[in-house]
Amino acid sequence: MKKALITGVTGQDGSYLAEFLLEKGYEVHGIKRRASLFNTERVDHIYEDPHVENANFILHYGDLTDSSNLIRIMQEVQPDEVYNLGAQSHVAVSFEAPEYTADVDAMGTLRLLEAIRFLGLEKKTKFYQASTSELYGEVQEIPQKETTPFHPRSPYAVAKMYAYWIAVNYRESYGIYACNGILFNHESPRRGETFVTRKITRGIANIAQGLESKLYLGNMDALRDWGHAKDYVRMQWMMLQQDKPEDFVIATGKQISVREFVRMSAENAGITVEFSGEGVKEVATVTAVDNETAPGVKVGDVIVEVDPRYFRPAEVETLLGDPTKAKEKLGWVPEITVEEMCAEMVAHDLGKAKQHALLKKHGYSVAVAKE
Ligand code: NDP
Ligand code: GDR
């Protein structure tokens with residue numbers, strides 16, 4: 001039985017990857033952070049009571065800022081594959097907490113690679129690094145591929161740039177099977193609520209159910225190549241099953257704007273919107289509504305406004321990936337379109353919003369968390 005160790009197992013990708021590897025028959029170990037509340041919601045459905053004998057999904061307390069902890073876990077598990085998905089992964093937050101982001105995202109990667117070396121696991125343990133299209137930042141070529149030069153535009157992207165190169169360097173210096181997946185944005189109903197797609201699907205669902213009246217967004221012109229996390233974790237595993245370690249771009253090859261994602265999400269909730277105004281004055285107004293799915297909305301309501309607080313000191317305006325290498329060398333093709341993904345996310349968030357609306361109707365207080 002192969003053993004995998006996943007950092008960031010409680011995150012979006014970590015949870016899908018853990019499911020995927022368990023289905024493949026792996027013993028899966030994950031690192032979770034200590035928090036004052038349970039933070040395992042995304043993996044609770046696959047969690048096994050530690051009292052059960054031969055459990056094959058095992059969680060360890062740990063942190064990417066703690067070398068001795070990482071070495072101990074690595075020594076205990078002796079993994080065949082390490083997937084380094086743990087990160088302070090929010091670009092906007094990285095401007096607020098640049099040093100912490102560097103510590104976790106850059107130094108955390110170094111600590112894991114050093115643990116492999118320190119324990120003499122160079123020939124046994126394969127290493128996957130969660131690299132990112134944010135490395136391209138101010139894009140030098142459209143679409144972006146493995147050979148496109150990098151120009152990172154945030155403390156997050158700069159930290160991930162270090163992680164990218166240290167993985168390459170440990171491959172070249174010590175022969176470690178280390179590779180980078182340069183993944184473009186990927187989303188799902190498990191996406192963190194403050195990333196733009198989930199902020200939109202959740203906000204629209206709450207508005208449809210009358211729990212909120214307005215959604216505030218930043219740069220609506222930003223263009224992204226959005227795929228589904230399930231397709232992308234499959235690729236993470238495929239990258240570690242090759243004879244030779246290589247880096248791959250993972251993307252769909254299509255891009256849409258934040259504005260278009262708003263329109264699509266609203267349609268999925270039975271709301272038609274029209275955009276007017278420019279820059280910080282831009283709004284989305286309801287022009288038609290299906291009151292079965294959106295009883296909280298009427299024609300003429302302004303449901304989206306721009307708030308400059310969500311603008312970033314340096315923005316990445318456009319990203320579009322070219323996944324030809326992954327298609328040709330690994331036979332990987334994304335199976336879920338952005339339209340299907342958006343419909344899935346809205347349906348999921350509408351389900352939750354309906355539950356909250358029902359509780360509210362029966363007199364229970366419902367607080368909607370906001371950024
Ligand atoms: P999430 O933000 O959903 O998950 C991040 C995970 O990292 C969580 O499990 C989080 O724990 C954990 N984590 C954060 N800080 C630490 C720390 N100090 N020590 C240990 N673990 C920590 O990210 P995604 O699942 O979306 O992304 C996975 C990886 O892929 C990340 O590295 C991200 O930067 C990268 N990436 C993501 C893309 C995307 O579009 N999703 C695209 C390209 C790259 P907790 O649950 O406790 O917060
Ligand atoms: P990104 O994702 O920065 O690409 O990083 P995010 O969803 O945060 O932003 C995408 C684009 O939308 C614009 N935007 C907003 N973003 C947020 N979060 N909130 C808003 O209100 C808002 N309004 C507009 C942003 O400015 C941006 O242009 C994600 C993360 O998963 C990274 O970890 C990963 O490396 C990259 O994707 C690829």
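Whatever order the structure lists ligands and atoms in, that order sets their numbers, starting from 1. Both backbone and side-chain heavy atoms feed into the values below; hydrogens, waters and symmetry mates do not.
- Ligand 2 places these atoms under 4.0 Å from at least one heavy atom of Ala222: 28 (O).
- Applying the ring-ring contact (aromatic ring centres under 6.0 Å, His included) test between His90 and each of Phe95, Tyr310, Phe195 identifies Phe195 as the sole match.
- When hydrogens are left out, the protein atom nearest atom 27 (C) of ligand 2 is Arg224 NH2, 3.4 Å; that is the closest non-hydrogen contact.
- With hydrogens and angles left out, the side-chain atoms of His228 and Glu344 include a donor and acceptor closer than 3.5 Å.
- Against a heavy-atom cut-off of under 4.0 Å, Lys199 is close to the following atoms of ligand 2: 20 (C), 21 (O).
- Remark: Arg309 is not positioned above the aromatic ring of Tyr216, lacking an NZ or CZ atom under 6.0 angstrom from the ring centre and at most 45 degrees off the axis.
- Protein heavy atom at the shortest distance from atom 33 (O) of ligand 2 is Ser89 O, 2.7 Å.
- Atoms CZ and CD, on Arg198 and Glu193 in that order, are 4.5 Å from each other to the nearest 0.5 Å.
- With respect to atom 23 (N) of ligand 2, the closest heavy atom belonging to the protein is Gly218 N, 2.8 Å.
- Heavy-atom distances between Phe311 and ligand 2 stay at or above 4.0 Å for every pair.
- Look at Ala92 and you'll find every heavy atom at least 4.0 Å from all atoms of ligand 2.
- Taking the centre and axis of the six-membered ring of Tyr16, the NZ or CZ atom of Lys230 falls outside the cone set by 45° and 6.0 Å.
- Residue contact check: Val316 has heavy atoms under 4.0 Å from atoms 28 (O) of ligand 2.
- Contact shell of ligand 1 (protein heavy atoms, cutoff 4.0 Å): Gly8, Thr10, Gly11, Gln12, Asp13, Arg33, Asn39, Asp63, Leu64, Leu85, Gly86, Ala87, Ser89, Tyr100, Val104, Ala130, Ser131, Thr132, Tyr156, Lys160, Leu183, Phe184, Asn185, His186, Arg191.
- Within the cation-pi definition used here (under 6.0 Å to the ring centroid, within 45° of the axis), Lys3 does not qualify as a partner of Tyr26.
- Distance check: Ile58 CD1 to Ile31 CD1 gives 13.0 Å after rounding to the nearest 0.5 Å.
- Heavy-atom proximity to Tyr156, at under 4.0 Å, picks out these atoms of ligand 2: 32 (C), 33 (O), 34 (C), 35 (O).
- Among protein heavy atoms, atom 10 (C) of ligand 2 sits closest to Val196 CG1, 3.8 Å.
- Atoms of ligand 2 found under 4.0 Å from any heavy atom of Val258 (numbered from 1 in listed order, with element): 12 (O).
- With atom 2 (O) of ligand 2 as the reference point, the heavy atom nearest to it among Asn185, Leu135, Ile182, Leu223 is part of Asn185.
- Taking CD from Gln241 and NZ from Lys126, the interatomic distance works out to 6.0 Å, rounded to the nearest 0.5 Å.
- Nearest-residue assignment for atom 31 (O) of ligand 2 (options Glu193, Lys160, Arg191, Arg309; heavy-atom criterion): Arg191.
- Among all non-hydrogen protein atoms, the one lying nearest atom 18 (N) of ligand 2 is Thr194 O, 3.0 Å.
- Inspection of the Glu317 and Asn219 side chains reveals an N or O donor paired with an N or O acceptor under 3.5 Å.
- When Glu371, Arg259, Glu315, Arg312 are checked for heavy-atom proximity to atom 17 (C) of ligand 2, Arg312 turns out nearest.
- The line from CZ of Arg224 to OG of Ser133 is 7.0 Å long, rounded to the nearest 0.5 Å.
- Side-chain contact, Asn69 with His60: no donor N or O sits under 3.5 Å from an acceptor N or O.
- Residue Leu217 approaches ligand 2 through these ligand atoms, each under 4.0 Å from one of its heavy atoms: 21 (O), 23 (N).
- Here the two rings, on Tyr177 and Phe127, have centers that are 6.0 Å apart or farther.
- A donor and an acceptor atom, one from each side chain of Gln209 and Gln355, are nowhere located under 3.5 Å apart.
- The nearest protein atom to atom 5 (O) of ligand 2, hydrogens excluded, is given as Val91 CG2, 3.6 Å; this is a heavy-atom distance.
- Ranking the protein heavy atoms by distance from atom 13 (C) of ligand 2 puts Asn219 O, 3.9 Å first.
- Closest of all the heavy-atom pairs between Gly30 and Leu5 is N-CD1, 4.4 Å.
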